[in-house]
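Below, all heavy atoms of this structure are taken into account, side chains as well, without hydrogens, waters or symmetry copies. Protein chains get the first letters and strands the later ones, always in sequence-line order, with residue 1 at the start of each.
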Amino acid sequence: DTAVSQTPKYLVTQMGNDKSIKCEQNLGHDTMYWYKQDSKKFLKIMFSYNNKELIINETVPNRFSPKSPDKAHLNLHINSLELGDSAVYFCASSPRTGGNSPLHFGNGTRLTVT
Amino acid sequence: GENVEQHPSTLSVQEGDSAVIKCTYSDSASNYFPWYKQELGKRPQLIIDIRSNVGEKKDQRIAVTLNKTAKHFSLHITETQPEDSAVYFCAASSNQGGKLIFGQGTELSVKP
């Protein structure tokens, strides 16, 4: 019954590979996000999309490319994976943009790059 | 841009005691302040939020206070229970900023 679902839950891969994480929300929200949580638990915003349009890109390397085919989906593709990309990636959605509405998080994707 | 500082980074209390976590923010335009609880291996979940037109909000054992002048806000948990053990995050955002900025997190441990 998860309202924001992301796959896969775990992703183990080698340096230099390309991988994708998928996210879908069934809440009817207009805005979706990707957050990165590092080993120190710090939650940092990466991207925000409002109704398929990119509105926030937080100085993320261009190896990371988000794609939103419709407002219910936001996928994240990562090229040439590096050790430092190892983290938990959370997708989230909110009813509206502007930042001042609650975020609903997915269960996270734990990415391990070896 | 917005910067949110959260203290302490770890907090250990005895069951039944109160716990207080404090956050400060830098952007005076911030007007929305949610708190999230993240249990081990799980996703962050909203537990309470407050907007800048309110000074205090309470929900059972949880309360949040906001001091706009000093630009700080706090989470208060009373009668703590072992299931309150988790990492708690404060966050702040403004209409103009368009994004929620999180504090560094507080790992709360409630000892039975």
Engaged part of [X] at the chain A interface, taking heavy atoms whose separation is under 4.5 Å:
| X | value |
| --- | --- |
| B:P34 | neither |
| B:Q38 | side chain |
| B:Y36 | side chain |

Which bit of A:I45 is near chain B, if near means a heavy-atom gap under 4.5 Å: side chain, backbone, both or neither?
->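 Contact with chain B: side chain only.
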
Determine, step by step, whether A:N26 and A:E24 satisfy the side-chain hydrogen bond (donor to acceptor under 3.5 Å, both in side chains) criterion, reporting the C-alpha distance in whole Å, the side-chain angles of both residues, the deciding distance to 0.1 Å, and the verdict.
-> CA-CA 7 Å; A:N26 62 6; A:E24 175 182 4; over 6 Å; no

Check: B:T78 main-chain N/O paired with B:R61 side-chain donor or acceptor under 3.5 Å = yes

Polar side-chain atom of B:Q104 near backbone of A:K40 as donor-acceptor pair, under 3.5 Å | no

Taking the side chain as every heavy atom from C-beta outward, state whether A:H104 and A:Q25 have any atom pair closer than 4.5 Å.
->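 Not in contact.
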
